[in-house]
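Contents: one structure, followed by commentary.
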Amino acid sequence: MNEDNLNQIKVVDSHAHLDELKDLTDVLIKAKESGVIGIVAVGTGIESNKKMIQIAKENPKFVYPAIGYHPWEIKEEEIETNLSWIKENIHDAIALGEIGLDYKIKLKKEIQIYVFERLLEVACEFDKPVILHCRFSHQKVFEIVKMKGINRVLFHWYSGPLNLLDQIIEAGYFISATPALAYSLPHQEAIKRTPIEKILLETDSPVSYQGKEASPKDVLITLSYVSRLKGLDIFSVSKRTTANASQFFNINF
Ligand SMILES: [Zn+2]
């Protein structure tokens, strides 16, 4: 890989919680310098969604907001307020996320499913792609998005069952890779099995991987692991996954 090619590396971080990062200005500069040409900032609730829209406004053509309602943030008494807020503000977002089901938390499954289905109806109505969180709930999440007829679906940080992954690929959905590829066998297996045409790169910043807090520039780490696992050079993987992200989000990154 010569210098020229390295300068041509252009990657998209398709999943970052920018509102949770310290020294954001510096973080964004470092990302740009590393070859990051776009960041999808995912929201988790009203306050976080508002911040993402604001950060995106301050960084046009670089940060793109997704608004969501993370299962961890759901409180029964706030559900309707959150759902109406999302519907009223969806025009400001390129996608709906982070949304999904988390069966490891205490919140009742019925409540999570109710919120998830309502959000998918918004995605359908406004033709927005969805960014999904699943924990011990992959099968159910898959069944619901399929049933709701959602076309643009991204299973973020996929490390679920491999037989379900085959159905996810078959349905034309995408999965995203994180720096956890350094150590997570289920995540590695998923990336090995998925065609490069269906893979997006991300960091899930500021998640800590092996004790180190991630920021969007670390999407280059994800890029390098995906390249290794797929046996492809980093240049072609960056080009392909950026094209995938453009296709999925309908954005010209
Ligand atoms: Zn996340």
Side-chain angles (χ1 to χ4, degrees), residues 11-22 24 27-28 31 36 38-53 55-56 63-74 82 86 93-105 107 112 115-116 119-120 123 128-138 141-142 145 152-160 168 173-184 186-187 190-191 199-219 221-223 225-226 241 244-245 248-249:
V11 277
V12 172
D13 181 357
S14 59
H15 191 117
H17 298 270
L18 293 187
D19 56 334
E20 296 171 29
L21 284 161
K22 283 174 237 102
L24 188 60
V27 159
L28 295 179
V36 178
I39 301 170
V40 179
V42 291
T44 54
I46 295 177
E47 283 319 305
S48 139
N49 290 332
K50 280 183 186 167
K51 279 184 199 156
M52 295 320 192
I53 291 170
I55 297 169
V63 174
Y64 299 86
I67 60 173
Y69 195 15
H70 198 294
W72 299 350
E73 299 300 319
I74 299 171
N82 272 271
I86 285 178
I94 64 159
L96 207 57
E98 181 167 354
I99 63 173
L101 303 175
D102 193 320
Y103 284 178
K104 218 181 167 182
I105 57 171
L107 183 69
Q112 294 193 42
V115 171
F116 185 44
L119 290 166
L120 293 177
K128 296 287 178 184
V130 296
I131 302 164
L132 305 178
H133 168 100
C134 332
R135 210 161 47 143
F136 299 104
S137 59
H138 292 85
V141 166
F142 176 76
V145 287
R152 288 184 289 157
V153 175
L154 173 61
F155 283 80
H156 131 76
W157 191 341
Y158 191 87
S159 47
I168 287 172
Y173 302 157
F174 290 79
I175 69 166
S176 55
T178 72
L181 285 177
Y183 56 85
S184 164
H187 193 35
I191 293 303
I199 297 173
L200 265 61
L201 307 178
E202 58 144 309
T203 60
D204 205 11
S205 302
V207 163
S208 281
Y209 301 95
Q210 294 174 308
K212 211 187 154 284
E213 207 172 84
S215 79
K217 69 165 170 34
D218 297 322
V219 72
I221 297 175
T222 312
L223 170 69
Y225 281 106
V226 171
T241 52
N244 296 344
F248 180 75
F249 292 109

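For ligands, and for the atoms within them, numbers begin at 1 and follow the listed sequence. Bear in mind the structure is a predicted one, so any value in this text is a computation, not a measurement.
- For the Zn ion (ligand 1), the neighbouring protein N/O/S atoms at less than 2.8 Å, given as residue and atom, are H15 NE2, H17 NE2, E98 OE1, D204 OD1.
- Legend: residues meeting ring-ring contact (aromatic ring centres under 6.0 Å, His included) with H70, ordered by chain and number and at least two apart, are W72, H133.
- Judged as a salt bridge (charged side-chain N to carboxylate O under 4.0 Å, His left out), and not counting sequence neighbours, the contacts of K50 are E47.
- The ring-ring contact (aromatic ring centres under 6.0 Å, His included) check on F248 picks up F174, with sequence neighbours excluded.
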Check your understanding: Going through the checks in order, is the side chain to side chain contact (heavy atoms under 4.5 Å, CB included) test met by T222 and V11?
Key -> CA-CA 10 Å; T222 312; V11 277; over 6 Å; no
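- In this structure, the ring of F155 has its center no less than 6.0 angstrom from the ring center of H138.
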Review point. Run the side chain to side chain contact (heavy atoms under 4.5 Å, CB included) check on D102 and Q112 step by step: do they pass?
Key: CA-CA 8 Å; D102 193 320; Q112 294 193 42; 4.2 Å; yes
